[in-house]
Amino acid sequence: MRFRRLSAAVGAAGLLVAGLAACGGDKTYATVLEKVQDGGTVVVGTKWDQPSLGLKKGAEPEGFDVDVAKAVLKEMNGGKDVQITWKESASSNREPFLQNGTVDIIFATYSITEARKQKVTFGGPYVVAHQDVMVRGNDTSISTPQDLKGKRICKAAGSNSYKRITDPPPDGQLDLDAQLVDAANYSECVQKLQGNNLDAVTTDDLILAGFAKQAAASGGQFKVLGQPFTDEKYGVGLKKGDTKTCEAVNAAIKKLWDNGTMKQLQEKWFGGIQGLKLTESAPPAEGCA
Ligand code: GLU
């Protein structure tokens, strides 16, 4: 991926522009929006290991976040499909990938948090998930999130979910003592739960629903408590300062709520899952800072 600097002659505005330049091809763009509207190939970061959200099976990932990414970009391009290169963006890679231009935009179960707002401009939220807890089907010792005190919980690198258990607000919640077991991502967390290397995977209900559904299909048994205790506002990650693109993302999300697409996509990937609280109406936009 080539990254060409703009001429210094463009002055102060140019500095800002060079700082934001979207990566790709022979051309440099001031914003991701410009790249989309010029027919450029957009590098989109998603998860590749989370069933029903972003899961790479064949050539491309599939899932709710992948479909939302395609729909938002298409709206931003006046209804025309956008060429996309998909790039795996694990929780731990999201901020660095936006900062160093590896990706243009991220749709990856990416909660808008206070700490991340310092480094990332967030469009959205497009839906609101809620943190819940998943345990082995035969575990009767954990029946509420508070029961995680003293238990082994998964710490997926770069994710905020473990903090919701161990830290106080704003980015934490319950402020409990729990033992943290490291994992690279949520699929590794789930393997460790299966293998009895930890006691619970606690993260967004949509993520847990995807894994529980996949496990049920292959005979594995997990139990989701069904006790959501946070609001996880799923944002669209952009390089800090790209407010033009952020505003276009927010307009696209509004349209996709107004025309029923966001409801349809939630139904497509999460319909019929018992006890799962889907987002009913457009969540208020956070504002592009
Ligand atoms: N939504 C939470 C977060 O952004 C958990 C899922 C994830 O790490 O992707 O931290």
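A quick note: this is a predicted structure, and the numbers were derived from the prediction, not measured. We number each residue from 1, following the sequence as shown. Both ligands and their constituent atoms are indexed starting at 1 by order of listing.
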Less than 3.5 Å apart, N/O on ligand 1 and N/O on the protein: could you list those pairs with the distances?
{"residue": "ligand 1", "atom": "1 (N)", "partner": "T109", "partner atom": "O", "Å": "2.9"}
{"residue": "ligand 1", "atom": "1 (N)", "partner": "S111", "partner atom": "OG", "Å": "2.7"}
{"residue": "ligand 1", "atom": "1 (N)", "partner": "D204", "partner atom": "OD2", "Å": "2.6"}
{"residue": "ligand 1", "atom": "4 (O)", "partner": "R94", "partner atom": "NH2", "Å": "3.3"}
{"residue": "ligand 1", "atom": "4 (O)", "partner": "T109", "partner atom": "O", "Å": "3.1"}
{"residue": "ligand 1", "atom": "4 (O)", "partner": "S111", "partner atom": "N", "Å": "3.1"}
{"residue": "ligand 1", "atom": "4 (O)", "partner": "R116", "partner atom": "NH1", "Å": "2.8"}
{"residue": "ligand 1", "atom": "8 (O)", "partner": "S91", "partner atom": "OG", "Å": "2.7"}
{"residue": "ligand 1", "atom": "8 (O)", "partner": "R94", "partner atom": "NH2", "Å": "3.2"}
{"residue": "ligand 1", "atom": "8 (O)", "partner": "S159", "partner atom": "OG", "Å": "2.7"}
{"residue": "ligand 1", "atom": "9 (O)", "partner": "K47", "partner atom": "NZ", "Å": "2.6"}
{"residue": "ligand 1", "atom": "9 (O)", "partner": "S91", "partner atom": "OG", "Å": "3.3"}
{"residue": "ligand 1", "atom": "9 (O)", "partner": "R94", "partner atom": "NH1", "Å": "2.9"}
{"residue": "ligand 1", "atom": "9 (O)", "partner": "T109", "partner atom": "O", "Å": "3.2"}
{"residue": "ligand 1", "atom": "9 (O)", "partner": "T109", "partner atom": "OG1", "Å": "2.7"}
{"residue": "ligand 1", "atom": "10 (O)", "partner": "R116", "partner atom": "NH1", "Å": "3.4"}
{"residue": "ligand 1", "atom": "10 (O)", "partner": "R116", "partner atom": "NH2", "Å": "2.9"}
{"residue": "ligand 1", "atom": "10 (O)", "partner": "S159", "partner atom": "OG", "Å": "3.3"}
{"residue": "ligand 1", "atom": "10 (O)", "partner": "N160", "partner atom": "N", "Å": "2.7"}

Charged N-O contact under 4.0 Å between K233 and E286:
yes
Please list all pairs meeting disulfide bond (SG atoms under 2.5 Å apart) that have one or both residues in residues 109-163, counting only residues at least two apart or in different chains.
C154-C189
Do R164 side-chain atoms and T230 backbone N/O form a donor-acceptor pair below 3.5 Å?
no
Validation row: L174, L148 side chains within 4.5 angstrom (heavy atoms):
no
Applying ring pair (Phe, Tyr, Trp, His ring centres under 6.0 Å) as the test, list every pair that has at least one member in residues 116-157; sequence neighbours left out.
Y110-F122
Applied to residues 213-252, the ring pair (Phe, Tyr, Trp, His ring centres under 6.0 Å) test, sequence neighbours excluded, yields none
